[in-house]
Amino acid sequence: QNITEEYTHTRASGQLNISRSTFSVEPSVKESTALIYRCHGEPSQVVTLETLKLPPLRSTSVLVKMLAAPINPSDINMIQGTYAILPDLPAVGGNEGVGQVIEVGIEVKTIKVGDWVIPRDAGLGMWQTAVVLSADDLVTVPSDIPVLSAATLGVNPCTALRMLSDFEDLKPGDTVIQNAANSAVGQAVIQIAAAKGVQTVNVVRDRPNLQKLTDGLKAMGATCVITEETLRRPEMKEIFKSYPRPKLALNGVGGKSATELLRHLQSGGTMVTYGGMAKQPVTVPVSALIFKNVKIRGFWVTQWKRDHKHDDEALHSMLEELCTLIRTGKLSSPACTQVGMLDFHKALHSAMKPYTSMKQVLVM
């Protein structure tokens, strides 16, 4: 059965909807079409589409036919050579994605043929049509959620949920403030917070289609959407007459934006930094530390997963909580553009555009 044809048939609805029955078992897969980089540099210059011979299936390995894999900022940084962890070269790009198991080694007990799986860790190379991995490197996910939700489940929603859960004891009616609110993490924060009854003040950069973006974020559950410029103005005092000052600030930008988030935290609150799109350091006012006793923390979901490597219950519990929100319509995948592997140059170019709220997803 031709996977590309199945995608073509279902793509018109705007959402890939693939069930296990869509695919026949194909243990004869011996090759993979992959996006590979042999040196670090700009993705458009160093990434090539190549055919790889798959390694033989070992007793503890799993053969996975990939369904879809997003292009995340961490993927771009890894190719550029600026990320915290870098795989050995040559490497296949992509830290995230979902695939269907089509063959398992004789010693594999936790995964079976037909299961949907996502990677546990970064750097495994998801931008390919098929891959052989150790069963320990994979975690199963339900196949009753949309494939785009499954493909984008393991990084951004997990980051959002952990930041909302692990740093402050948030109650219904509490407030969170965040920058980069239109990013995939930001969209997940809005939806998960709304499901918990937590209000969100969401900061975005000014742009020509600001009203459309604002309406879209509010439709997801955003309480308030403001621009970076508004964040620095006295009118912020009016906003916090309607909502309590935030217990938690989530910073994906850095620089002046992070400093302004700090100013609006309530005493004893926490700012968690998970990204630095401005490529500028976080400057903390002395007054915030002395007089407001704010806490400055960082979060990296890859490290969380590594810290919980031997705690399957923690990982599965987190994924199940997210999947429950997905099933009940409270958490959707970020706005996605589905791109075939042959159009990878276009996808990489689009993924690096400024002001984008659209995630590029490679479909195999």
Side-chain angles (χ1 to χ4, degrees), residues 31-55 64 66 68-99 118-133 137 151-152 154-156 159 180 182-185 205 251-255 273-282 298 300-303 305-306 334 336-364:
E31 293 182 335
S32 177
T33 302
L35 294 177
I36 298 172
Y37 56 102
R38 300 181 179 278
C39 62
H40 295 299
E42 285 308 297
S44 61
Q45 298 175 10
V46 301
V47 174
T48 57
L49 186 67
E50 301 182 25
T51 299
L52 297 180
K53 184 178 180 180
L54 291 173
V64 178
M66 293 301 298
I71 300 177
N72 291 324
S74 60
D75 302 322
I76 301 296
N77 295 153
M78 201 172 270
I79 295 167
Q80 293 169 331
T82 60
Y83 201 57
I85 53 173
L86 299 173
D88 295 334
L89 298 178
V92 177
N95 291 310
E96 187 181 24
V98 64
I118 63 175
R120 282 181 180 265
D121 205 348
L124 296 177
M126 296 292 103
W127 294 350
Q128 53 186 321
T129 55
V131 60
V132 174
L133 293 170
D137 288 331
T152 57
V155 176
N156 296 317
T159 297
N182 61 306
S183 68
V185 171
R205 291 182 293 182
N251 168 44
V253 177
T273 292
Y274 67 93
M277 290 189 296
K279 295 182 171 58
Q280 296 173 352
V282 173
W300 184 30
V301 73
T302 297
Q303 189 61 53
K305 290 177 181 177
R306 291 178 176 184
C336 295
T337 298
Q338 300 158 37
V339 184
M341 291 280 278
L342 293 176
D343 292 325
F344 74 93
H345 275 299
K346 177 182 176 182
L348 289 171
H349 176 72
S350 296
M352 297 178 70
K353 283 183 178 178
Y355 301 106
T356 183
S357 299
M358 192 72 67
K359 185 173 288 292
Q360 303 296 305
V361 179
L362 298 165
V363 293
M364 288 71 170

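What's counted below: heavy atoms across the whole structure, side chains too, no hydrogens, waters or symmetry copies. Count residues from 1 along the sequence.
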note = Rounding to 0.5 Å, atoms OG (S32) and CE (M364) come to a distance of 8.0 Å
query = What's the verdict on side chain to side chain contact (heavy atoms under 4.5 Å, CB included) for Y37 and T48, showing C-alpha distance, side-chain angles and the deciding distance?
reply = CA-CA 6 Å; Y37 56 102; T48 57; over 6 Å; no
query = If you take all heavy atoms of A68 and A151, which pair is closest and at what distance?
reply = O-CB, 3.7 Å
query = Tell me, do N72 and K359 make a side-chain contact under 4.5 Å, heavy atoms counted?
reply = yes
ask   = Given the rule in the side chain to side chain contact (heavy atoms under 4.5 Å, CB included) test, do M126 and L35 qualify, once you have shown the distances and angles that lead to the verdict?
value = CA-CA 9 Å; M126 296 292 103; L35 294 177; over 6 Å; no
ask   = Can you list the steps and then say if V339 with T337 is a side chain to side chain contact (heavy atoms under 4.5 Å, CB included)?
value = CA-CA 6 Å; V339 184; T337 298; 4.0 Å; yes
remark   = Residue set satisfying salt bridge (charged side-chain N to carboxylate O under 4.0 Å, His left out) with D121, at least two apart, ordered chain then number -> R306
task = Quick one: closest heavy-atom pair of V131 and M66, and the distance?
result = CG1-SD, 4.3 Å
task = Check A122 against T302 and note the closest heavy-atom contact, atom names and distance.
result = CB-OG1, 4.1 Å
message = Can you tell me how far apart OG1 (T51) and CD1 (I36) are? Round to the nearest 0.5 Å.
response = 8.5 Å
remark   = What one should report as the nearest heavy-atom pair of E96 and G154 is OE2-N, 3.0 Å
key: N/O donor-acceptor pair under 3.5 Å between N251 side chain and G254 backbone   = yes
note = When rounded to the nearest 0.5 Å, the distance separating OG of S183 from CG of N156 is 7.0 Å
task = With rounding to the nearest 0.5 Å, note down the distance linking CG in L52 to OG1 in T33.
result = 8.5 Å
ask   = With a 4.0 Å cut-off, would you call R38 and E50 a salt bridge?
value = yes
query = Hey, mind stepping through F344 and V47 against side chain to side chain contact (heavy atoms under 4.5 Å, CB included) and telling me if it holds?
reply = CA-CA 9 Å; F344 74 93; V47 174; 3.8 Å; yes
inquiry  = Would you say that P119 contacts D137 through its side chain, given a criterion of any heavy-atom pair below 4.5 Å between the two side chains?
reply    = no
query = To the nearest 0.5 Å, how far apart are NE2 in H40 and CG in L89?
reply = 4.0 Å
key: Heavy-atom donor-acceptor pair, W127 side chain to M341 backbone, under 3.5 Å   = no
key: Closest heavy-atom pair and its distance - Q360, A347   = CG-O, 3.3 Å
inquiry  = Let me confirm one number: the CE-CG distance from M78 to N95, rounded to the nearest 0.5 Å.
reply    = 4.0 Å
request  = For residues H349 and S44, determine if any side-chain heavy atom of one lies less than 4.5 Å from a side-chain heavy atom of the other.
outcome  = no
Where P87 and G123 come nearest, the two heavy atoms and their spacing = CB-O, 4.2 Å
query = Hey, is the main chain of G340 close enough, under 3.5 Å, to the side chain of D343 for a donor-acceptor pair?
reply = no
request  = Taking the side chain as every heavy atom from C-beta outward, state whether V253 and T273 have any atom pair closer than 4.5 Å.
outcome  = no
ask   = Do the non-hydrogen side-chain atoms of V46 and I79 ever get within less than 4.5 Å of each other?
value = yes
